[in-house]
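All of these numbers come straight from a predicted model, not from anything done at the bench.
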Amino acid sequence: MSDKSAKIFVAGHRGLVGSAIVRKLHQLGSTNPLLRTHAELDLTRQADVESFFAQEKPVHVILAAAKVGGIHANNTYPADFIAVNLQIQTNVIHSAYLHGVKKLLFLGSSCIYPKFAPQPIPESALLTGPLEPTNEWYAIAKIAGIKTCQAYRIQYKWDAISGMPTNLYGPNDNFHPQNSHVLPALMRRFHEAKVSGAEEVVVWGSGSPLREFLHVDDLADACVFLLERYSGLEHVNIGSGQEVTIKELAELVKEVVGFEGKLGWDSTKPDGTPRKLMDSSKLAALGWTPKVSLRDGLRQTYEWYLENVCAASK
């Protein structure tokens, strides 16, 4: 990574993760990030991917491209979630190896772990129990990606590594009213309540579940760190190590947004998993720790939401 002119292919550069990685590369002075939109390069098409690698010959690859979605999407389109992700991963990893890529980083998700994994979840929990049924198709594809990187490392002595991020948030997050994750969904609801003058925002559940969040700029920093410092067979968890209850999160988002009404809870609605924390001690032992506090990250994300989502809808 010391060669600022080296070609670095960031697959999925328009998404939450990929766009943060591109920002980080620019901050570090990288002059040659390789970026392709889906219209320019369909990663599910093997011949197109091989042609791209043969022509461009990137030195490094960060594989952040994936078909993603919430519970409803996973339940409705299971074939898409397993097939599309397997196609993307297999095409990119194989072509990267064939065309001399020096190092590849594959990014997965904390959903790879069993539904009842020990807390905090260590890397060794992989494949020790049944997955959460609502996203097993996506999870199985991501597990296959980890195993593909391991297989190429074992058979070809090729430097392919995997990182598994916790729950992410930040600029370019999905603020869709129905399909977004808990943090952007809360931010949108509190903002709309503030604008409309509503007296109360009611949130599902009891507010007691514990969740971990990592700002996407911290993830991008960790990705560069792993490319520079890690070459191992086992995947690496990437988390903040900090937990908040959903109630604490809601209160914090309410404060950042400036909603002055009441916060209510609908305890008839499900809470979901009581706790989901990644054990990121392996990454910490390598020398990396996150820098963005949750409060600062929420402020930055809300500013981005106002400037990009709200401004675009006017």
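- Phe52 and Val59 fall into different hydrophobic clusters, where Ile, Leu, Val, Met, Phe, Trp and Tyr side chains are chained together by heavy-atom contacts under 4.5 Å.
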### Query
Between Asn91 and Leu43, is a side-chain contact (heavy atoms from CB on, under 4.5 Å) present by the stated rule, with each step listed?
CA-CA 7 Å; Asn91 290 341; Leu43 296 176; 5.9 Å; no
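- Aromatic rings from His60 and Phe9 are positioned such that their centres are separated by 6.0 Å or more.
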### Task
Just do the side-chain contact (heavy atoms from CB on, under 4.5 Å) check on Thr245 and Ser208 with the steps written out, would you?
CA-CA 5 Å; Thr245 65; Ser208 64; 5.9 Å; no
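- For Asn75, there are no side-chain hydrogen bond (donor to acceptor under 3.5 Å, both in side chains) partners, not counting sequence neighbours.
- For Tyr169 and His181, the ring centers sit 6.0 Å or farther from each other.
- Side chain to side chain, Lys24 and Ser30 fail the donor-acceptor criterion of an N or O pair below 3.5 Å.
- Checking Ser19 against Asn172 by side-chain atom types alone, a donor-acceptor pair falls below 3.5 Å.
- A salt bridge is defined here as a Lys NZ or Arg NE, NH1 or NH2 lying under 4.0 Å from an Asp or Glu carboxylate O, and Arg45 with Asp42 fails to meet this definition.
- A donor-acceptor pair under 3.5 Å links the side-chain atoms of Lys4 to the main chain of Leu28, judged by distance alone.
- With respect to the salt-bridge test (charged N to carboxylate O, under 4.0 angstrom), the residues Lys276 and Glu212 do not qualify.
- Without hydrogens or angle criteria, Asp218 side chain to Lys291 main chain gives a donor-acceptor distance under 3.5 Å.
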### Task
Report the C-alpha distance between Glu260 and Lys194 in whole Å, list the side-chain angles of each, state the deciding distance to 0.1 Å, and finish with yes or no for salt bridge (Lys or Arg N to Asp or Glu O under 4.0 Å).
CA-CA 7 Å; Glu260 296 180 352; Lys194 182 178 78 168; over 6 Å; no
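- Between the side chains of Asp48 and Ser51, not a single donor N or O lies within less than 3.5 Å of an accepting N or O.
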### Query
Where do Ile161 and Leu104 land on the side-chain contact (heavy atoms from CB on, under 4.5 Å) test, with the steps shown first?
CA-CA 6 Å; Ile161 61 173; Leu104 178 142; over 6 Å; no
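- Donor-acceptor pairing under 3.5 Å is recorded for the side chains of His215 and Gln300.
- For the pair Ser280 (side chain) and Gly239 (backbone), a donor-acceptor distance under 3.5 Å is present.
- Applying the side-chain hydrogen bond (donor to acceptor under 3.5 Å, both in side chains) criterion to Asp279, with sequence neighbours excluded, gives Ser281.
- Aromatic ring pairs are classed by plane angle as parallel below 30°, tilted from 30° to 60° and perpendicular above 60°; the pair Tyr152 and His94 is perpendicular.
- In this structure, Gln150 contributes its side chain and Leu233 its backbone to a donor-acceptor pair below 3.5 Å.
- Judged by distance alone, with hydrogens and angles left aside, the side-chain atoms of Asp271 form a donor-acceptor pair with the main-chain N or O of Ser206 at under 3.5 Å.
- Between Lys102 and Asp159 there is no salt bridge, since none of the side-chain N atoms of the basic residue sits less than 4.0 Å from a carboxylate O of the acidic one.
- Under a 3.5 Å cut-off, the side chain of Gln119 and the backbone N or O of Leu277 do form a donor-acceptor pair.
- In this structure, Val49 is a member of the same hydrophobic cluster as Leu63, with clusters built from ILVMFWY side-chain heavy atoms closer than 4.5 Å.
- Partner Phe190 forms a ring pair (Phe, Tyr, Trp, His ring centres under 6.0 Å) with one of Phe259, Tyr305, Tyr302 and no other, that one being Phe259.
- More than 12 heavy atoms of other residues, nucleotides or ligands shown are found within 6.0 angstrom of CZ on Arg23.
- Distance alone, capped at 3.5 Å, is enough to place a donor-acceptor pair between the Lys103 side chain and the Leu227 backbone.
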### Task
Let me see the working for Thr44 and Ile88 under side-chain contact (heavy atoms from CB on, under 4.5 Å), right down to the final yes or no.
CA-CA 5 Å; Thr44 67; Ile88 290 171; 3.9 Å; yes
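- With respect to Glu56 and Arg36, a salt bridge is recorded, a charged nitrogen being found less than 4.0 Å from a carboxylate O.
- Under the 3.5 Å distance criterion, with hydrogens and angles disregarded, no donor-acceptor pair is assigned to the side chains of Thr134 and Asn74.
- For the pair Ser240 (side chain) and Phe213 (backbone), a donor-acceptor distance under 3.5 Å is present.
- Under 3.5 Å, the side chains of Asp80 and Trp137 contain no donor-acceptor pair of N or O atoms.
- Remark: Arg299 does not engage Glu303 in a salt bridge, criterion side-chain N to carboxylate O under 4.0 Å.
- Ring-centre distance between Tyr230 and Phe225: not below the 6.0 Å cut-off.
- Grouping the Ile, Leu, Val, Met, Phe, Trp and Tyr side chains by contacts below 4.5 angstrom, directly or via other members, places Val202 apart from Leu252.
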